[in-house]
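Note sheet for the following structure.
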Amino acid sequence: MSVWVDAARLSLGASVVFLVVMLGVWGRNYLLFRSKHALGLVVFGAFLLAQSLFALYYYLVDPTLSVWFATAVPAAAWRVLMGIHVLQAVALAVLLWVTWD
């Protein structure tokens, strides 16, 4: 089961990095152009970053839930969570590629 936990955590970590980079680009674009589109991307990115940071906190730091996630969550549930986090990281990687270009 540890591989599923590690994959979920790594995917979330990658998502956080991708979002921080994109928020920098989107924030700079908003300050430069003052468009609603750029502002919407900043708001979207901020909420998704908050969600990812909360999940990482509960997986890694929270004294009760981090132990529960590491020991008592069934492997089937971890496969689903890992799949969701990997898909999110891949989607954000594509969005980062489009944003950076």
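No hydrogens, no waters, no symmetry mates; every other heavy atom, side chains included, goes into these values. Being a predicted model, the structure only gives us computed values, none of them experimental.
- For S11, there are no side chain to side chain donor-acceptor pair (under 3.5 Å) partners two or more places apart in sequence or in a different chain.
- A77 is linked by a side chain to side chain contact (heavy atoms under 4.5 Å, CB included) to V73, P74, counting only residues two or more places apart in sequence or in another chain.
- Going from atom CD of Q88 over to atom OG of S52 covers 4.0 Å, rounded to the nearest 0.5 Å.
- Taken from OG in S15 to CG in L10, the straight-line distance is 10.5 Å, to the nearest 0.5 Å.
- Interatomic distance, CD of Q51 versus CG of L53, reported as 9.0 Å (0.5 Å rounding).
- The side chain to side chain contact (heavy atoms under 4.5 Å, CB included) test applied to L65 returns Y58, D62, W68, F69, not counting sequence neighbours.
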Would you tabulate the side-chain donor-acceptor contacts of residues 35-48 under 3.5 Å, counting partners in other chains and residues two or more places apart, or write 'none'?
from, atom 1, to, atom 2, distance (Å)
S35, OG, A38, N, 3.1

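- No more than 12 heavy atoms of other residues, nucleotides or ligands lie within 6.0 Å of CZ in F54, so this atom counts as exposed by the packing criterion.
- Residue L32 belongs to a hydrophobic cluster whose other members are F33, with links defined by side-chain heavy atoms closer than 4.5 Å.
- The distance from the CG atom of L87 to the CE atom of M82 is 9.0 Å, given to the nearest 0.5 Å.
- Linking ILVMFWY residues whenever their side-chain heavy atoms come closer than 4.5 Å, directly or via other members, places V61 and L49 in the same cluster.
- Two different hydrophobic clusters hold W4 and I84 under the rule that ILVMFWY side chains link at heavy-atom gaps under 4.5 Å.
- Taking the ring centroids of F18 and W100, they lie at or beyond the 6.0 Å cut-off.
- V80 and W78 are assigned to two separate hydrophobic clusters, defined by single-linkage of ILVMFWY side chains at heavy-atom distances under 4.5 Å.
- Judged purely by atom type and a 3.5 angstrom limit, R9 uses its side chain to pair as donor or acceptor with the backbone of Y59.
- Residues L12 and V20 fall within the same hydrophobic cluster, defined by Ile, Leu, Val, Met, Phe, Trp and Tyr side chains chained together at heavy-atom separations under 4.5 Å.
- Both V90 and V21 are members of a single hydrophobic cluster when ILVMFWY side chains are connected at heavy-atom separations under 4.5 Å.
- Applying the ring pair (Phe, Tyr, Trp, His ring centres under 6.0 Å) test to Y30 and every residue at least two apart in sequence or in another chain returns nothing.
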